[in-house]
Number of protein chains: 2
Amino acid sequence: MKADKISELTTNRLSIYLRCLNELASEGRKTVSSDILAKRFHLNSAQIRKDLACFGEFGVRGVGYYVENLRDQLTRILGLDHHHRVGIIGAGRLGAALADYYGFTQTNFTVAALFDADPGKIGEQIGEVKVYDVANFSKIAKKESIDVAVIAVPAQFAQPVLELISKAGIKAVMNFAPTPLLAGEDVKLKTIDLTISLESLSYFLAQPALPNGQQK
Amino acid sequence: MKADKISELTTNRLSIYLRCLNELASEGRKTVSSDILAKRFHLNSAQIRKDLACFGEFGVRGVGYYVENLRDQLTRILGLDHHHRVGIIGAGRLGAALADYYGFTQTNFTVAALFDADPGKIGEQIGEVKVYDVANFSKIAKKESIDVAVIAVPAQFAQPVLELISKAGIKAVMNFAPTPLLAGEDVKLKTIDLTISLESLSYFLAQPALPNGQQK
DNA sequence: TTGCATTTGTTACCTTTTTCACAAAATCGA
DNA sequence: TCGATTTTGTGAAAAAGGTAACAAATGCAA
């Protein structure tokens, strides 16, 4: 099929498939069908096949997919065969927590540096990582080969920080500030807005339960 | 219109609209049209009108929406006229960071308690909040009137923790463990999977730039 | 009061995403 | 080799989501 425009929903699912395959591989399973994968991990088998078909023909009819092979393919497709170096801007509690978040540390992501504007924090050591002056961001980012930036500053500073990141030539940014940001065409920006998620839970709680006691 | 099944995409946008309205209100603006709202905050005016129409007719033709009125309506719809009390399970760095995340503290959400299984952490005070033994979750949750739970434990413990939360009668759960969870029909579960977001950035970085230097 | 300008609420259309269904391909046992 | 079985890859259908367009309602100026 080899579609040239891959939806983000598809790539997000690739991460999930990869996780499932790692689990199966550690159990020693050699092959798996899309149907088994779907049943076991509560997915849809047609969707799995279609998502994979965007990138090639990895399966064998009548057999399924070779677990290790597919895992390697997905690892490659997701770029997880390369290491990434992360810079976190904002050395508050959230930034500090992210600095040794196992998702960063355990995988192909290494937190290389923290940045802050507060002179009280600059120079501090948080876990393995040093806090630098955000004014030197571009210089340190180059020196430390940072290719992923994380914004963990208050909302009002997020847009200028994003521009700083952009000027330093970094193309992948994760934003935790609860505000929409405008990024250049060539920069991939992912915003994780905890406020929206919380308010979505609040909305759910505000809905009256249906008569039978079930929610819609 | 008053649709009975409201999509989560719609309620997420209500949060955004509310944020915009708060900004406009603080500037002293009395009315706003969907078109102004859309242009200023990079939204689509038809979508704003359609989202709002799910809940009633809040606008006046030829005038637009009364900023304060609409803000109050959205606040009510999102259940933000009630306080929520949050319990965080997992008093590691992430749990601790969330405990005084301004998104929780500054709004209608109060972090009432932290929970952990590590005897070394139980009894500790993190910011304003005490760390309780997770074995006493149900009891403390009732005593502290907790109605929102946050899962901030390693992936392998997330499902049993969710069941604990569920048994305590809590209906709204935010999950930070990088694993899909199975929740009962009557429980609203929001998973924030940083691993998927990170890997999505990695995928983007792995794509070759297009010949003209732009990304697709 | 009338006509013009504005802006909503809603319908119709279009796009994207998901699910269904099945021909084509591969394995395996006899 | 052949027929039965499995399972992929994919086209077609369905569902969900987003955008455009416009009649109906409102305000305002003359």
Side-chain angles (χ1 to χ4, degrees), chain A residues 1-17 20-21 24 29-71 73-74 77 180 196 200 216, chain B residues 1-17 20-21 24 29-71 73-74 77 180 196 200 216:
Chain A
M1 196 251 233
K2 292 261 185 187
D4 45 359
K5 178 64 185 152
I6 309 292
S7 125
E8 182 145 343
L9 295 164
T10 295
T11 61
N12 285 350
R13 282 189 297 265
L14 294 187
S15 287
I16 294 168
Y17 304 154
C20 299
L21 288 163
L24 293 172
R29 212 176 209 288
K30 294 295 173 214
T31 65
V32 70
S33 71
S34 59
D35 201 53
I36 301 269
L37 253 182
K39 288 223 171 70
R40 168 135 173 208
F41 298 102
H42 310 102
L43 308 166
N44 178 295
S45 67
Q47 188 155 70
I48 295 171
R49 293 198 298 278
K50 216 159 203 183
D51 284 337
L52 296 178
C54 295
F55 299 94
E57 304 203 355
F58 303 122
V60 179
R61 294 174 193 221
V63 177
Y65 300 90
Y66 291 97
V67 174
E68 293 216 349
N69 172 255
L70 186 56
R71 184 186 61 174
Q73 296 282 353
L74 290 183
I77 291 164
I196 290 175
S200 158
K216 311 177 245 201
Chain B
M1 198 252 236
K2 292 259 185 193
D4 46 359
K5 179 63 186 150
I6 308 291
S7 130
E8 182 144 341
L9 294 166
T10 295
T11 62
N12 286 350
R13 282 190 296 265
L14 294 187
S15 288
I16 293 168
Y17 304 155
C20 299
L21 288 163
L24 293 172
R29 213 176 209 288
K30 293 298 172 212
T31 65
V32 70
S33 69
S34 59
D35 201 52
I36 301 270
L37 210 46
K39 288 221 172 72
R40 168 136 173 208
F41 298 102
H42 310 102
L43 309 165
N44 178 295
S45 67
Q47 187 155 68
I48 295 171
R49 293 198 298 277
K50 210 165 193 181
D51 284 337
L52 296 178
C54 296
F55 299 95
E57 306 201 355
F58 303 122
V60 179
R61 294 174 193 219
V63 177
Y65 301 91
Y66 290 97
V67 174
E68 293 216 347
N69 172 256
L70 185 56
R71 183 185 62 176
Q73 297 282 354
L74 290 182
I77 291 165
I196 290 175
S200 158
K216 317 178 240 206

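Computed from a predicted model, the values in this text were never measured in an experiment. Letters go in sequence order (proteins before strands), and every chain restarts at 1. Quick note: numbers below take in every heavy atom, side chains included, and nothing from hydrogens, waters or symmetry partners.
A:Leu70 places its CG atom 14 Å from the C1' atom of D:dT7, with the value rounded to the nearest Å. Rounding to whole angstrom units, CD of residue B:Gln47 and P of C:dT10 are separated by 16 Å.
Using five terminal pairs a side, the axes of the helix from C:dT1-D:dA30 to C:dA30-D:dT1 at its two ends make an angle of 0°, given in steps of 10 degrees.
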Please table the atom pairs, donor to acceptor, closer than 3.5 Å between any side-chain atom in residues 60-67 of chain A and protein atoms at least two apart or in another chain.
none

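Qualifying side chain to side chain contact (heavy atoms under 4.5 Å, CB included) partners for B:Glu8, counting only residues two or more places apart in sequence or in other chains: A:Ser200, B:Thr11, B:Asn12, B:Lys188, B:Lys190. Judged as a side chain to side chain contact (heavy atoms under 4.5 Å, CB included), and not counting sequence neighbours, the contacts of B:Ser7 are B:Leu9, B:Thr10. In terms of the side chain to side chain contact (heavy atoms under 4.5 Å, CB included) criterion, residue partners of A:Ile16 (sequence neighbours excluded) are, by chain and number, A:Cys20, A:Leu43, B:Ile196. With sequence neighbours left out, the salt bridge (charged side-chain N to carboxylate O under 4.0 Å, His left out) criterion links B:Arg13 to B:Asp51. Here A:Arg40 pairs with A:Glu23, A:Glu27 under the salt bridge (charged side-chain N to carboxylate O under 4.0 Å, His left out) rule; sequence neighbours left out. When the salt bridge (charged side-chain N to carboxylate O under 4.0 Å, His left out) test is applied to A:Lys30, no partner is found at least two apart in sequence or on another chain. With sequence neighbours excluded, the residues satisfying side chain to side chain donor-acceptor pair (under 3.5 Å) with B:Asp35 are B:Lys39.
Close to C:dT19, at under 4.0 Å from its OP1 or OP2, lies a side-chain N or O of A:Asn44. OP1 and OP2 of D:dT7 both lie 4.0 Å or more from every side-chain N or O belonging to A:Tyr66. For D:dT8, one of the phosphate oxygens OP1 or OP2 lies less than 4.0 angstrom from a side-chain nitrogen or oxygen of A:Ser34.
Closest to the A:Ser33 side chain, of the nucleotides C:dC20, D:dT7, D:dT10, is D:dT7. Out of D:dG9, C:dT18, C:dT8, the shortest distance to the side chain of A:Glu57 is found at D:dG9.
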Interface polar pairs with nucleotides 28-30 of chain D, N/O, under 3.5 angstrom:
none

Close N/O contacts between protein and nucleotides 12-15 of chain D (under 3.5 Å):
from	atom 1	to	atom 2	distance (Å)
D:dA12	N6	A:Lys50	NZ	3.0

message: Can you build the contact string for nucleotides 22-28 of chain C? Use B for base contact, S for sugar-phosphate-only contact, and - for no protein heavy atom under 4.0 Å.
response: --BBSS-

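With contacts defined as side-chain heavy-atom distances shorter than 4.5 Å, the pair A:Phe58/A:Leu74 does not qualify. Between B:Tyr17 and B:Leu70, the closest side-chain pair of non-hydrogen atoms is not below 4.5 Å.
One distance of note links CG of A:Asn44 with CZ of A:Arg49; it measures 8.0 Å at 0.5 Å rounding. Distance check: B:Leu52 CG to B:Ile77 CD1 gives 7.5 Å after rounding to the nearest 0.5 Å.
Nearest-nucleotide assignment on DNA chain C puts the 5′-proximal partner with B:Gly64, out of A:Ala46 and B:Gly64. Nearer the 5' end of DNA chain C, as judged by each residue's closest nucleotide, is the contact made by B:Phe58, out of B:Phe58 and A:Thr10.
Nucleic acid contact class of A:Ser7 (heavy atoms, under 4.0 Å, all strands): sugar-phosphate only. In this structure, B:Leu9 reaches the sugar-phosphate backbone alone: every heavy-atom distance under 4.0 Å involves primed, P, OP1 or OP2 atoms, never a base.
Pairing each heavy atom of A:Ile36 with each of A:Arg29, the nearest pair is CG2-NH2, 4.0 Å. Nearest heavy atom pair, residue B:Ser34 against residue B:Ser45, reads O-CB, 3.6 Å.
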